[in-house]
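First comes the structure, then the notes that go with it.
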Amino acid sequence: MTRVLITSALPYINGVKHLGNLVGSMLPADVYARFARSMGHDVLAICATDEHGTPAELAALEAGQDVATYCAEQHAIQKRLGDGFHLGWDYFGRSSSPQNRELTQAFARALWKNGHLEVRTTKQVYSNAEKRFLPDRYVIGTCPHCGYDRARGDQCENCTRVLDPTDLVNPRSALSGSTDIEIRDSAHLFLKQSQFVPRLRQWIDSHRSEWPHLVYSIANKWLEEGLHDRGITRDLSWGVPVPDDIGDGKLKGKVFYVWFDAPIEYIGATKEWADANNKGEQWRDWWQGKDVRYIEFLGKDNVPFHTVGFPVTIMGADEGWKLVDQIKGFNWLNYYGGKFSTSQKRGIFMDAALDLLPADYWRYYLMANAPESADASFTWEHFASVVNKDLADVLGNFVNRITKFCAARFEGRVPGEGAYGDEEKALIAELDRRVAELRNFFEAMEFRKALAELRAIWVAGNEYLTRAAPWTHIRTDRARAAVAVRMGLNLVHTFAHLSWPVIPATAVKIHETIQPVAGGGRAVPFPTDPMAKELDQLEGGQPIRASDVLFAKIADEQVAEWKARFGGD
RNA sequence: GGCAGCGUAGCUCAGUGGUAGAGCAGGGGAAUCAUAAUCCCUUGGUCGGGGGUUCAAAUCCCUCCGCUGCUACCA
């Protein structure tokens, strides 16, 4: 049994995530985790909210809450929505947990001890009005290059030039508009990433053939352009405090930069899991044990932090923590060609999606159209056509037609008469091939291809049923009709097992038309027996239940209404 | 500006040197078990433009155009 450690990029705390966030890390991680469990592997799936940083402070301010309360509430909301989408994490932690504080400080101490950190004095913008330091992006002013008067301190959105806040003419706080700001000296810890270039180069190149092209090329680009040392502390109050024994007391009152502590929370959340479940030191074995395969799921914006930043932290600490083996990176899901946007409320968010339709509709559509090789685009029209055709017509109707026929003509019991003939053998051969392909695609995390194969398997069921035509044979040759129905019901059962990683709730419903799911449903096993056995396992006489409609079709009027409500164009 | 990814049928996308593919949509037919759901056949593309290498290019090279993203203090 292989042990598989899976992490999803941590969703940021400031509000409900949209479908682009979901399909870019949390959902594929869950589908893969379910597949791995269904293959019998020992899986630990970890996620958490990323709670530190300026945006969290500001969101709390806007909500009129203190930041700890705000984060606790938002965490609960994100956890509930994750459950609503059947994201089966072993643990959904919080980067503000005591476990993460302890680990982050321990990593920093190790880096300090090993000489990979140094204190540098930097110039920071301080706002007297807000009585706080401002990140570059929260200082606005007139661009010295193009004269745009709302340029941000990190970059001018108008001429795209990279700026320093001190470049701005008439700088002011983006929060209050106050011009009562000044530049102050501030000491910060820098992680000497530049020293790690040769090791990173070797490590990244060793994964070149294994990692997706997208991931390798982004990682490679950062190395090619020359790694800068990176500031890993900030002048904020909300975050993991820098311990006094680092930096000779020059960093009193400062916290670590969220990008330093957020990846460490992968480990922190694993400890949260262990603490919450009496697992003792098992969390450590997942991260320092030898036989673990570690896979990260993340959007392309996160690639640099997972191929450079976090690996440098782990290499520099030199305490045997596990580096990632496989990185599954995703492009963006767009909404009618433009970006999903949390700040502009553009697109569909997890809470709104679940208000419209059950999770499995979204899970199937999103994974079938995952932005794997390029950005993908969501439209209501496309969503409706995929749901209606693939889920309602091809899968749902298949289960419906055969179980209802069995109920009407065979008293709702698996008919035991007759023996499989040429038609059945041809189907078995086809499915042996297709199921092997499906398994390969899941193992390779090629989700679009996996779902296309899954769909082709459902189609093969319909093709078989048309050829076997029990509704015709029932009039003249009951045994022949019985064979077709028995095979049809075996197909229903097998479809439930094959589909579970993608549409877990529906898969269980489908399974229950035939018989209850064994073993409490922690995982519905992926079929590994030859199809000849797999498709011939239902007992003659065993009662089944005609299925209800599994997937309701989406009507044109609903598409029109949702487009109007969510702003498609 | 620099860098990266992408550009293939009406739509969404496979395809990295060997006769252009799938699903959906469109057209024709079969069947009547089923949510009018299914199945079979089929129309449709000078692979963004141009140039080059090669016996052979969607695929390799050059160049131009377009879209998207990144550019290190948003995360």
Side-chain angles (χ1 to χ4, degrees), chain A residues 9-14 50 52-56 58 122 124-125 133-139 152-155 159-162 164-165 188 193 213-214 217-218 220-222 224-231 234-235 257-259 262 299-305 308-309 331-332 334 337-339 342-343 368-369 372-379 381-382 385-386 388-390 392-394 396-409 446 448-449 451-452 455-456 459 461-472 474 481 484-485 488 546-553:
Chain A
L10 306 188
Y12 197 65
I13 194 68
N14 64 342
D50 176 13
H52 295 137
T54 308
L58 298 180
T122 62
Q124 302 294 330
V125 177
F133 284 93
L134 297 174
D136 292 1
R137 135 171 319 221
Y138 291 97
V139 183
R152 292 191 321 229
D154 57 345
Q155 182 173 31
C159 67
T160 75
R161 254 181 274 229
V162 175
D164 190 273
H188 282 290
Q193 295 189 135
H213 182 61
L214 174 78
S217 69
I218 293 175
N220 185 53
K221 180 195 138 191
W222 277 60
E224 287 292 309
E225 290 183 355
L227 266 192
H228 305 189
D229 295 339
R230 184 160 194 139
R234 292 292 182 273
D235 291 293
Y257 177 37
V258 8
W259 263 113
K300 62 183 171 184
D301 54 329
N302 269 324
V303 171
F305 300 105
V308 175
N331 289 279
W332 306 123
N334 292 319
K339 283 175 85 167
T342 305
S343 53
N369 299 284
E372 287 181 295
S373 62
D375 292 353
S377 190
F378 179 95
T379 66
E381 292 85 351
H382 190 230
S385 92
V386 168
N388 290 348
K389 191 70 192 171
D390 294 3
D393 294 349
V394 174
N397 182 56
F398 175 81
V399 175
N400 206 244
R401 66 195 295 210
I402 189 63
T403 54
K404 280 199 170 163
F405 187 78
C406 176
R409 299 307 191 100
E446 294 201 58
R448 273 178 183 262
K449 290 180 181 172
L451 267 72
R455 181 190 191 283
V459 167
N462 280 307
E463 290 171 1
Y464 165 78
L465 219 50
T466 298
R467 285 195 304 270
W471 46 87
T472 303
I474 189 82
V485 171
S547 91
D548 301 325
V549 168
L550 290 168
F551 296 99
K553 293 221 209 187

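Note that the structure is predicted; figures quoted are calculated from it, not measured. Worth knowing before you read on, the calculation uses all heavy atoms, side chains too, and leaves out hydrogens, waters and symmetry mates. Letters go in sequence order (proteins before strands), and every chain restarts at 1.
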task = Could you tell me the separation between the CD atom of A:E372 and the C1' atom of B:rG5, rounded to a whole number of Å?
result =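 That distance rounds to 15 Å.
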Determine: side-chain N/O of [X] to OP1/OP2 of [N], distance under 4.0 Å, yes or no.
X      : N      : answer
A:K553 : B:rA37 : yes
A:K449 : B:rG15 : yes
A:Y257 : B:rA75 : yes
A:R401 : B:rU32 : no
A:K404 : B:rU35 : yes

key: Check against side chain to side chain donor-acceptor pair (under 3.5 Å), A:N334 and A:S377   = CA-CA 5 Å; A:N334 292 319; A:S377 190; 5.7 Å; no
Determine the interatomic distance between [atom1] on [N] and the same-named atom on [M]; round to the nearest Å.
N      : M      : atom1 : result
B:rG10 : B:rG26 : C1'   : 9 Å
B:rC62 : B:rG23 : C1'   : 36 Å
B:rG45 : B:rA22 : P     : 14 Å
B:rG44 : B:rC6  : P     : 30 Å
B:rG5  : B:rU12 : P     : 22 Å
B:rU54 : B:rG66 : C1'   : 29 Å
B:rG17 : B:rU59 : P     : 11 Å

inquiry  = So A:V258, base contact, sugar-phosphate only, or nothing? Heavy-atom distance under 4.0 Å.
reply    =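 Since only primed, P, OP1 and OP2 atoms lie under 4.0 Å of A:V258, the category is sugar-phosphate.
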task = Remember a base hit wins even if backbone is also touched, and classify A:S377 as base, sugar-phosphate or nothing at under 4.0 Å, heavy atoms.
result =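 Contact class for A:S377: sugar-phosphate only.
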task = Decide, applying a 5.5 Å centre-distance limit and a 30° plane-angle limit (both strict), whether A:F405 stacks on B:rC33.
result =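 No; by the centre-distance and plane-angle rule, A:F405 does not count as stacking on B:rC33.
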request  = Hey, can you tell me if A:F405 and A:W471 have their rings parallel, tilted or perpendicular (30° and 60° cut-offs)?
outcome  =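 The rings of A:F405 and A:W471 stand perpendicular, inter-plane angle above 60°.
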key: Which residues share a salt bridge (Lys or Arg N to Asp or Glu O under 4.0 Å) with A:R152, sequence neighbours left out   =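 For A:R152 the salt bridge (Lys or Arg N to Asp or Glu O under 4.0 Å) partners, ignoring immediate neighbours, are A:D154, A:E157.
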query = Do A:Q124 and B:rC73 have a side chain to base donor-acceptor pair shorter than 3.5 Å?
reply =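 Counting by modelled atom types and ignoring angles, a donor-acceptor contact under 3.5 Å is found here.
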Under 3.5 Å donor-acceptor pair, A:N397 side-chain atoms to B:rA34 base atoms =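 Donor-acceptor pair under 3.5 Å: yes.
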inquiry  = Is a donor from one side chain sitting under 3.5 angstrom from an acceptor on the other, for A:N388 and A:K553?
reply    =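 Absent: no donor and acceptor within the cut-off.
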Polar atom pairs (N or O), protein with nucleotides 8-10 of chain B, under 3.5 Å:
none

request  = Report the base-pairing partner of B:rU12 (Watson-Crick or G-U wobble, both distances below 3.5 angstrom), or none.
outcome  =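 Here B:rU12 is engaged in a pair, and the nucleotide opposite it is B:rA22.
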Polar atom pairs (N or O), protein with nucleotides 23-30 of chain B, under 3.5 Å:
unit_1 : atom_1 : unit_2 : atom_2 : d
B:rG23 : O3'    : A:R455 : NH2    : 3.2
B:rC24 : OP1    : A:R455 : NH2    : 3.3

